[in-house]
Amino acid sequence: MNLVNINEPNSKKSSEALCLGIDFGTTNSVCSIRINNKIIYIEDSKKKLIPSVVFFENQKVLIGNQIKNKSISDIIFSVKRFFTDNPDQTIINQGSKKKTAVDISKEIFSYIKNLSQNFLKQNIDDCVLTVPAYFDEKARSGIMRAAFSAGFNVRRLINEPTAAAFAYGLEEKKRGLFLVYDLGGGTFDVSLLELKEGVFRVVGTGGDARLGGDDFDILFAKSILKKYFSVNLNEVSDDLKVGFIKKCQSIKENLLKQKSISEFVKIGKEEKKVTIDINLLNQSVEELINKTIIIVEDLLNECDTSLKSVDGFILVGGSTRLEIIKKKLIQKFNIKVFSELDPDLVVSCGAAMHGYELLNGSKNLLLDVTPLSLGIETMGGLMEKIIPRNSPIPAIREQIFTTNENGQTSIKIKILQGEREVTSANNTLDEFVLSGLEPKPAGITRIKVRFSLDVDGILFVSAIDESSGKENNLVVKTNDQLSIQEMRELVSSSIHNAKKDIDLRLLIETKIKATKLINEINNVKPMMKELCTSKESKEINNILKLMKIELKSDNKDKINNLIDNLNDKTKNFAQKIIDSNFSNFVGKEIDTLDES
C-alpha cells in the first residue's frame with residue numbers, strides 16, 4: 001500500500017487531520033488515534049480492550065463492556081469468524097428481523113464511533129481498518145460494508161501483521177527483515193516484512209484462518225473435562241458448552257499471570273474445586289503451536305529466505321502472551337523475539353500511525369501483498385495466473401488472450417483465485433461475458449484482460465477487444481466465494497500436488513494442441529482432394545485416426561509424436577493452401593478462451 005501525501009506542496013496545515021486506527025478483533029477490538037505525536041487509546045469503561053461481543057434485548061443493544069450479568073448463551077461472540085464463510089449469512093433472528101455478521105459488526109463499529117466522538121468531543125469519520133492477511137475479497141468487502149454502515153469513511157484496509165510491523169518500524173525504530181507472528185482470537189497470520197528507512201515492504205504472507213485463541217480455549221476445555229470430570233466436550237449440551245468454554249478462557253487468562261490456580265468448575269449439576277496449572281494448558285495447545293511453526297517454515301521456503309537473514313520475530317495478538325510460544329520459537333529458530341509493544345494494542349497503534357500519515361502526509365512507503373494468485377480460466381479448464389500470490393499491491397497486470405475457434409463471437413471471462421494449475425482445484429470468484437466480437441479465424445482476435453487490485457485488496461477486472469474496442473468489466477462479487485480456511489488449503493495443496501498439476505497441465509495443453517490441429521485439417525478437407533495426392537491424403541487421414549484414439553488416453557508422449565508426424569506430413573499441403581490464397585471460414589459461437 002502506498003502512503004500518499006494529500007496536501008498541496010508548501011501548504012500550511014492549520015491542524016492535524018484526525019484518523020482512527022481500528023483493530024476489529026475476534027475477541028476484542030481496539031481503537032486508537034495519533035494526536036500531537038502520541039498514540040491515544042479510546043477506552044470503553046476505562047479499558048483499552050473493547051470486547052467484540054453484542055447482546056440484543058428487545059429494542060436495546062448492549063456492546064463491549066456494557067454487557068454485565070447476562071447469560072453467556074445469549075451473547076454473540078467471535079462474529080469476525082463468520083466473515084470467513086459468508087458475512088451475509090443469517091446468524092440470529094431478532095424478532096422479525098434477521099441479523100448477519102455484517103449487521104452485528106455494524107453495531108460494534110457504531111459503538112466504537114460513539115466512544116471515539118465522546119472522547120474527542122467532535123465528530124470523526126475517517127479510519128484505517130485492519131484485517132487478517134488471509135482475508136479474501138469477500139471478507140474484506142464485508143468488513144468494509146459494516147464499517148461504512150456505521151458511518152465510517154474507511155480510508156484504507158491494512159493487514160494486521162503489516163500494521164504491527166509499521167508500529168515497530170516507527171515506534172521502536174526497528175530495521176531489517178522480520179517475521180510478524182500474529183496469533184489472535186480467531187486467526188493466525190505470519191508475514192515476512194522488510195523494514196528500512198522510508199519503506200516498509202511485505203515480502204510474503206501465510207496463515208491459518210481457523211487457528212487462534214478460540215481454538216486454544218476449546219482444546220483446554222477438553223483437557224479439563226477429561227482430567228477432572230471424565231467427560232468428552234461433544235457430550236455436553238450446546239448451552240452448557242458455551243459457558244464452560246468461556247470459563248476455561250477465564251482460567252487461561254489467569255494462568256498467564258500465575259502458574260497455578262484453584263477454581264470451582266461446574267459442568268451440569270456437578271461442581272468441583274480443582275487445581276489447574278500452566279502445564280495442562282501448555283500440553284493442550286502444543287499441537288496447534290507446532291502447526292504455527294510449520295506455517296512459518298513454509299513461508300520462509302516460499303519466499304526463498306534463509307533464516308540467517310531474518311532479524312527476529314515480532315509477536316502480535318493476545319494469544320502470544322503464552323510463554324510457551326516464545327520458548328518454542330526461540331528453541332526452533334534461535335533468533336530474537338520482540339514483544340516490547342503490547343501485543344493486544346500494537347495492531348491498532350500501527351493503523352493509527354498509518355491513518356495519520358495518509359491524511360497528513362509522510363515520506364514513508366508501505367507496500368503490502370496479495371495472499372493468493374488471481375487469474376482466469378483458459379481452454380481445457382486451466383488457470384492462467386495474472387497476478388501471482390505475494391505480488392505487491394496495488395497491482396495492475398494485463399495479458400493478451402485469443403479465441404480458439406473460427407468465427408468465435410463471444411468469450412466468457414471466468415475469474416479464479418488459487419494456486420493450482422486446473423480450474424476445478426481453485427475458487428471461482430465471478431465471471432462475465434464479452435460478446436459482439438467480429439467473427440475471425442481462431443487466434444486472430446486479441447482480447448486484453450486487465451486485473452487491477454487496489455490497496456484494499458478489492459479486484460477490478462476488464463476485458464477489451466483490441467480491434468473493435470468492445471469492453472466489459474466488473475468488480476468481483478462477494479457472494480458464494482472462498483472461505484479463508486480454503487485459502488490456506490489451496491496454498492498447501494498446490495505444494496503437495498505441484499508435480500501432479502504440472503503433468504496434468506502439460507497433458508491438457510498437448511490434447512488442446514492435437515484437437516486444434518485435427519479441427520484445422522477437418523476444416524480444409526475439401527481442399528485436400530484438390531491439392532494433395534491420394535498417398536498424401538491417406539497418410540494424413542491415418543495419423544488423424546490414430547490421434548483421435550490417443551486423445552482418449554493420457555499418453556502425452558504418443559500424442560506429441562503424432563502431432564510432429566502430422567505437422568511433417570502436412571507441410572506441403574499447408575504451403576499449397578497459402579499459395580492458393582486460402583479463405584477462412586466462420587464457425588460457431590463458444591465461450592472459452594485460449595491464451596495467446
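Reckoned from all heavy atoms, side chains included, excluding hydrogens, waters and symmetry mates.
Between the side chains of Asp189 and Tyr181, no donor-acceptor pair of N or O atoms lies under 3.5 Å. Of the N and O atoms on the side chains of Lys328 and Asn290, at least one donor lies less than 3.5 Å from an acceptor on the other residue. Of the N and O atoms on the side chains of Thr100 and Thr90, not one donor lies less than 3.5 Å from an acceptor on the other residue. Of the N and O atoms on the side chains of Ser29 and Ser52, at least one donor lies less than 3.5 Å from an acceptor on the other residue.
Between Leu219 atom CG and Ser284 atom OG the span is 7.0 Å, to the nearest 0.5 Å. Within the model, atoms CG of Asp126 and CG of Asn123 stand 9.5 Å from one another, a figure rounded to the nearest 0.5 Å. Separating the CD1 atom in Ile293 from the CG atom in Asp298 is a distance of 12.0 Å, to the nearest 0.5 Å. If you take CG on Leu429 and CG on Leu372, they are separated by 9.5 Å, rounding to the nearest 0.5 Å. Put simply, CZ on Phe188 and NZ on Lys291 are 10.5 Å apart, with the number rounded to the nearest 0.5 Å. Atom CD of Gln249 and atom CZ of Phe220 lie 11.5 Å apart (nearest 0.5 Å).
The pair Arg145-Asp88 counts as a salt bridge, with a side-chain nitrogen and a carboxylate oxygen less than 4.0 angstrom apart. The pair Glu194-Arg201 counts as a salt bridge, with a side-chain nitrogen and a carboxylate oxygen less than 4.0 angstrom apart. Here Lys247 pairs with Glu263 in a salt bridge; the nearest charged N to carboxylate O distance falls below 4.0 Å. We find that Glu160 and Lys80 are joined by a salt bridge, their nearest charged nitrogen and carboxylate oxygen being less than 4.0 Å apart. Of the charged side-chain nitrogens involved, at least one lies within less than 4.0 Å of a carboxylate oxygen, so that Lys113 and Asp125 count as a salt-bridged pair. By the 4.0 Å N-to-carboxylate-O rule, Asp342 lies close enough to Arg321 to be salt-bridged with it. Classification of Asp277 and Lys259 as a salt-bridged pair fails, no side-chain N sitting under 4.0 Å from a carboxylate O.
A heavy-atom distance below 4.5 Å is not found between the side chains of Val154 and Ile143. Under the 4.5 Å side-chain criterion, counting only non-hydrogen atoms from C-beta, Val54 is not in contact with Ile75. Looking at heavy atoms from C-beta onward, Ile63 lies out of side-chain contact with Phe55 at the 4.5 angstrom threshold. Looking at heavy atoms from C-beta onward, Phe333 lies out of side-chain contact with Leu179 at the 4.5 angstrom threshold. Taking the side chain as every heavy atom from C-beta outward, Ile276 and Ile224 approach each other to under 4.5 Å. At least one side-chain heavy atom of Val285 sits under 4.5 Å from a side-chain heavy atom of Leu322. Annotation: side chain of Val128 is not in contact with side chain of Ile22 (no heavy-atom distance under 4.5 Å).
No side-chain donor-acceptor contact under 3.5 Å links Asp74 to the backbone of Lys70. Looking at Gln283, its side chain never comes within 3.5 Å of a backbone N or O of Leu280 through a donor-acceptor pair. Checking side-chain atoms of Asn65 against main-chain N and O of Ser45 turns up no donor-acceptor pair under 3.5 Å. The backbone N or O of Ser348 lies less than 3.5 Å from a partner atom in the side chain of Ser32, making a donor-acceptor pair. Although no hydrogens or angles enter the test, the distance criterion places no donor-acceptor pair under 3.5 Å between the side chain of Asp23 and the main chain of Val30. Listed for the Lys48 side chain is no donor-acceptor partner under 3.5 Å among the backbone atoms of Leu345. A donor-acceptor pair under 3.5 Å links the side-chain atoms of Ser110 to the main chain of Lys106, judged by distance alone. Under the 3.5 Å distance criterion, the side-chain polar atoms of Asn360 are left unmatched by any main-chain donor or acceptor of Glu357.
Every residue two or more places apart in sequence or in another chain was checked for a ring-ring contact (aromatic ring centres under 6.0 Å, His included) with Phe152, and none qualifies.
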Might you work through the side chain to side chain contact (heavy atoms under 4.5 Å, CB included) test for Asp214 and Thr27, ending with a clear yes or no? CA-CA 8 Å; Asp214 286 357; Thr27 306; 4.1 Å; yes
Side chain to side chain donor-acceptor pair (under 3.5 Å) evaluation trace for Thr205 with Ser191: CA-CA 4 Å; Thr205 64; Ser191 294; 5.3 Å; no
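Remark: of the listed residues Asn159, Val316, Thr320, Val316 is the sole one forming a side chain to side chain contact (heavy atoms under 4.5 Å, CB included) with Asp182.
A cation-pi arrangement is absent between Lys336 and Phe313 under the rule of less than 6.0 angstrom and at most 45 degrees off the ring axis.
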